[in-house]
Amino acid sequence: MLLTYEKRTDSISVEYRNAVHVPPHLHEAVEIVYVTDGSVELGVGKELYHMEVGDFAIVFPNVIHHYQVFEKGDNRGIYLFLEPSLFPAYFEQFQVYAPKLPIIKKEEVHADIISAIKALEAVSKCNDMLIQAYAQIIFAHVFSTMELVSKESLGGNDMIYNAVEYVAKNFRQSICLDKMAHDLGINKYVLSRMFAKTFHCNFNQYVSEVRLNYASSFLKNTTESITNICLDCGFESQRTFNRVFKERYKMTPREYRTLNKNIESSIE
């Protein structure tokens with residue numbers, strides 16, 4: 001299976017476009033699809049789901065998915081990509097779980113979901129407060145109506161699924177490639193090559209990215225001390241945390257928190 005890993009940097013990305021064949025891929029964003037014309041097939045795990053006009057679907061972060069189009073003519077939809085760090089209340093659910101059935105048929109899509117999707121089409125990318133408000137409406141319906149299952153169950157014995165879930169469950173602890181390979185029953189060299197080919201980084205870099213996503217969310221959305229956040233997301237020392245944080249965000253954790261508070265104040 002040809003698989004790609006996408007990195008998105010915007011807090012929200014909105015695309016109103018023709019549905020096309022998209023190969024299996026995964027990314028850190030929450031992906032929402034609302035079909036406006038024609039039809040599209042959404043593949044999640046080993047299943048393929050048919051979507052028609054008015055149908056809604058949601059794909060949680062780091063869940064392998066793909067698209068196929070079988071009908072000729074206009075097959076269009078609204079595609080939303082939301083940065084999960086904006087939603088700390090759902091962070092753990094996004095990391096570990098996924099909907100057992102990722103689609104909601106037109107007849108069962110709540111009007112609030114449709115209104116929120118259309119509002120998110122127009123919202124400014126820099127207005128995190130509005131993004132959070134409209135997305136919370138969608139998530140409220142998703143978490144109250146959709147059955148969630150472990151991401152591992154979607155992929156069966158798929159090595160990539162198992163690796164992603166393992167890191168999501170254990171990144172707050174001290175983990176290493178050797179132990180992960182042992183726990184998953186995988187040769188460590190095979191596992192190492194999987195990270196390089198799928199995520200375009202080594203094991204340590206991938207774990208660091210997951211930890212930084214967690215840390216940035218809590219810096220932006222809580223008043224928890226930087227020291228506690230550092231320890232809670234699995235970094236061995238605050239010095240290491242500060243170094244890798246600055247490498248990614250080009251500023252210290254304290255500067256990052258101050259900047260985001262200033263942005264919120266200016267919006268208010």
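When a residue number appears, it is its place in the shown sequence, counting from 1. As the structure is a prediction and not an experimental result, all values here were calculated from the model.
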* Non-hydrogen side-chain atoms of Ile58 and Pro102 separated by less than 4.5 Å -> no
* Do Gln68 and His21 have side-chain N/O donor and acceptor atoms under 3.5 Å apart? -> no
* Asked: Which heavy-atom pair separates Val63 from Ala98 by the least distance, and what is that distance?
  -> CG2-CB, 4.0 Å
* Atom pair CG (Leu42) and CE (Met51), whose distance is rounded to the nearest 0.5 Å -> 6.5 Å
* Asked: If every non-hydrogen atom of Glu224 is compared with every non-hydrogen atom of Ile229, which pair is closest and at what distance?
  -> O-CD1, 3.6 Å
* Check Phe87 against Leu82 and note the closest heavy-atom contact, atom names and distance. => CE1-CB, 4.2 Å
* **Glu255 with Lys246: basic N within carboxylate O range, under 4.0 Å** => no
* **Aromatic plane relationship, Tyr249 with Tyr256 - under 30° parallel, 30 to 60° tilted, over 60° perpendicular** => tilted
* Asked: Just wondering, more than 12 heavy atoms not from Glu247 lying within 6.0 Å of its CD?
  -> yes
* Between Ser39 and Glu71, is any side-chain donor less than 3.5 angstrom from a side-chain acceptor? -> yes
* Pairing of Arg17 and Glu15 as salt bridge, 4.0 angstrom limit -> yes
* Would you please test Glu209 and Arg248 for salt bridge (charged side-chain N to carboxylate O under 4.0 Å, His left out) and show each step? => CA-CA 9 Å; Glu209 284 289 309; Arg248 176 173 173 181; 3.2 Å; yes
* Asked: Strictly under 6.0 Å, is that where the ring centroids of Phe218 and Tyr214 end up?
  -> yes
* Salt-bridge test for Lys106 and Asp55: reply yes if a basic N is under 4.0 Å from a carboxylate O, no otherwise. => no
* Taking everything shown except Gln205 itself, do over 12 heavy atoms lie less than 6.0 Å from its CD? -> yes
* Any chance NZ of Lys179 has more than 12 other-residue heavy atoms, nucleotides or ligands included, within less than 6.0 Å? -> no
* Asked: Are side-chain N/O atoms of Ser225 and Asn228 paired as donor and acceptor at under 3.5 Å?
  -> yes
* Identify the heavy atoms of Phe171 and Arg211 that sit nearest to each other, and give their distance. => O-NE, 2.7 Å
* To do: Locate the shortest heavy-atom distance separating Ile103 from His50; write the atom from each residue and the value.
  => CD1-O, 3.9 Å
* Asked: Any chance CZ of Phe245 has more than 12 other-residue heavy atoms, nucleotides or ligands included, within less than 6.0 Å?
  -> yes
* Decide if the gap between the ring center of Tyr97 and the ring center of Phe60 is smaller than 6.0 angstrom. => no
* To do: For residues Gln136 and Tyr90, determine if any side-chain heavy atom of one lies less than 4.5 Å from a side-chain heavy atom of the other.
  => yes
* Does the side chain of Asn213 come under 3.5 Å of the side chain of Glu28 through a donor N or O and an acceptor N or O? -> yes
* To do: Can you label the angle between the His27 ring and the His65 ring as parallel, tilted or perpendicular, going by 30° and 60°?
  => perpendicular
* Can the ring centroids of Tyr67 and Tyr79 be said to lie less than 6.0 angstrom from one another? -> yes
